[in-house]
Amino acid sequence: MSHDSTGTPRRGLAGALSGVLAALVALGVAELVAAFVDTKAAPVVAVGGSVIDATPQPLKQVAIEQFGTSDKPVLIGSIIVVLLLLSLLTGALAVRRPPIGLAGVAVLGAVGAAAAVTRPASVALAFLPSVVGAIVGAAALLVLLRSVQRPGEGEGAARGTAVDRRSFLVTSVGALVAAGLAGKAGMVLNRRVDVAASRAAVTLPRPAGPAKAVPSGADLKLADLSAFTTPNKQFYRVDTALVVPQVSTDSWRLRVHGMVDKEIELDFQQLLGRGLIERDVTLTCVSNEIGGPYVGNARWLGAPLADLLKEAGVHRDADQLLSRSVDGMTIGTPTSVVMDGRDAMLAVGMNGKALPAEHGFPVRMVVPGLYGYVSATKWVVELELTTFTADKPYWVQRGWVPKAPIKTMSRIDTPRPLAHVKAGTVAVAGVAWAQHRGVAKVEVRIDGGDWRQTRLASVPSTDTWRQWVYEWDAAPGNHSIEVRATDADGVTQPGKRANPFPSGATGWHTTTVTVA
Ligand SMILES: Nc1nc2c(c(=O)[nH]1)N[C@H]1C(S)=C(S)[C@@H](COP(=O)(O)O)O[C@H]1N2
Ligand SMILES: [Mo]
């Protein structure tokens, strides 16, 4: 602790602290500048986006499995920790050689700026938050380092290397306050582009094509069994957006172009005027594990997509509908699937409300029967008719299959895995899905015995999941429960386990319970 004789360890410590403080100042200033440039151009967000895009597939899968929907805060937190560690090192070295400190800040600033300008859909001034942050951070570092060693403060050589605690403390507190104020102001200003007001102002029209009533028997209403309709707040969220894109209805435009006879541009009011349909459709993510949570059923209100494409006049050979979101995500859907009569739509409503921002406000695509990464573009602003040979969308570039119908799947919701239940009649229940083909049969087996038929709940169409229940006469002991579904084409989901990559998981969901 007390090395006052030479002062070197203390100076190193003070230098390290200076590095961290300077980094905080840089981050705060960058956040503030980003509020005037583009929220996505803030360095940590930009680097995070680049990390997501560059992460090799297996690792991305691990991240999703480990952190679920909190993978984003974990990523942001890790980037900040790495930045602070590097700054700490830079500061410790810079206390002896200030040019090292400046070089370090320059490199970190350059990394942020490079990430920001190379993000898809980046604005022209995307480099500015990182550059201004780095310049102010460098200045802060120099001031802090100077206060570590006040010239003329000590007379002897040994004293001259000691830390002037008071001046360093004052400067540090000043830097911390400046960083906090800039960062806080930046956050407040960044939130000013929140679409809450635009969303609240939306009046959804009555559907020209209303949904079929959900049959009363669709929801068995058992404890722990997923509700037939997933509330918006509980609906799973999967996307690469570190900052939820904020698109107001006023600014929203959709451009339909590419291999079409006639380009179309639509604004939000024109979209609402197109005669909307309302449908219950179950979305599923291809990265959902067996028994996983990335599936949900909602009532979507939207403009029929096929009508719009017919109006544009799609060329015969345009086999891919390439949609783009405002944040540069690309998703490719087979044109033939969109046009085959199913209820593909540009959705504006979800369970009677305007789309929540996280689920694509103001407009997203919904195509029954296809995994989200090939159909469900949120914050969609562009539809380009093209071919599968000419263009590889985001996930296809990363090895996922270009055409991905949802695989038949079933899940046990209750009893929960490792639950303790009372002997006697136990309701084993869950959901099964085979969108656009329909679930025809769900069977369970206990301890590897004979497959038993379950009772299926009713459904409004083949595009939703289907609840099922089996009254099990449970005897004391540990038991395994397995489930498998058969679609309306008579195909039973295979028992062979496969990972989600590259076309969706297969295998039977199995749980173990204790009966007493
Ligand atoms: N703009 C954009 N749209 C997107 C994605 C994305 O990362 N960005 N992810 C897709 C994936 S992989 C899925 S599974 C669905 C999830 O939709 P949800 O978050 O509303 O459940 O959105 C799709 N649409
Ligand atoms: Mo997905």
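Residue numbers run from 1 in the order of the sequence given. Start at 1 and go down the list; that is how both ligands and their atoms are numbered.
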Kindly say whether the aromatic ring centers of F361 and W379 come within a distance under 6.0 Å. no
Who are the ring pair (Phe, Tyr, Trp, His ring centres under 6.0 Å) partners of W300, not counting sequence neighbours? F235
In plain terms, say whether R416 and D224 are close enough for a salt bridge, that is, a side-chain N and a carboxylate O under 4.0 Å apart. yes
Using heavy atoms and a strict 4.0 Å limit, residues surrounding ligand 1 turn out to be F235, Y236, R237, V238, D239, T240, C285, S325, D327, M329, I331, H359, R364, G372, Y373, A376, T377, K378, W379
Could you tell me whether E265 and R255 make a salt bridge, using a distance below 4.0 angstrom between a side-chain N and a carboxylate O? no
Salt bridge or not between D239 and K378? Use side-chain N to carboxylate O under 4.0 Å. yes
Does NZ or CZ of R484 come closer than 6.0 Å to the centre of the six-membered ring of W451, within 45° of the ring's axis? yes
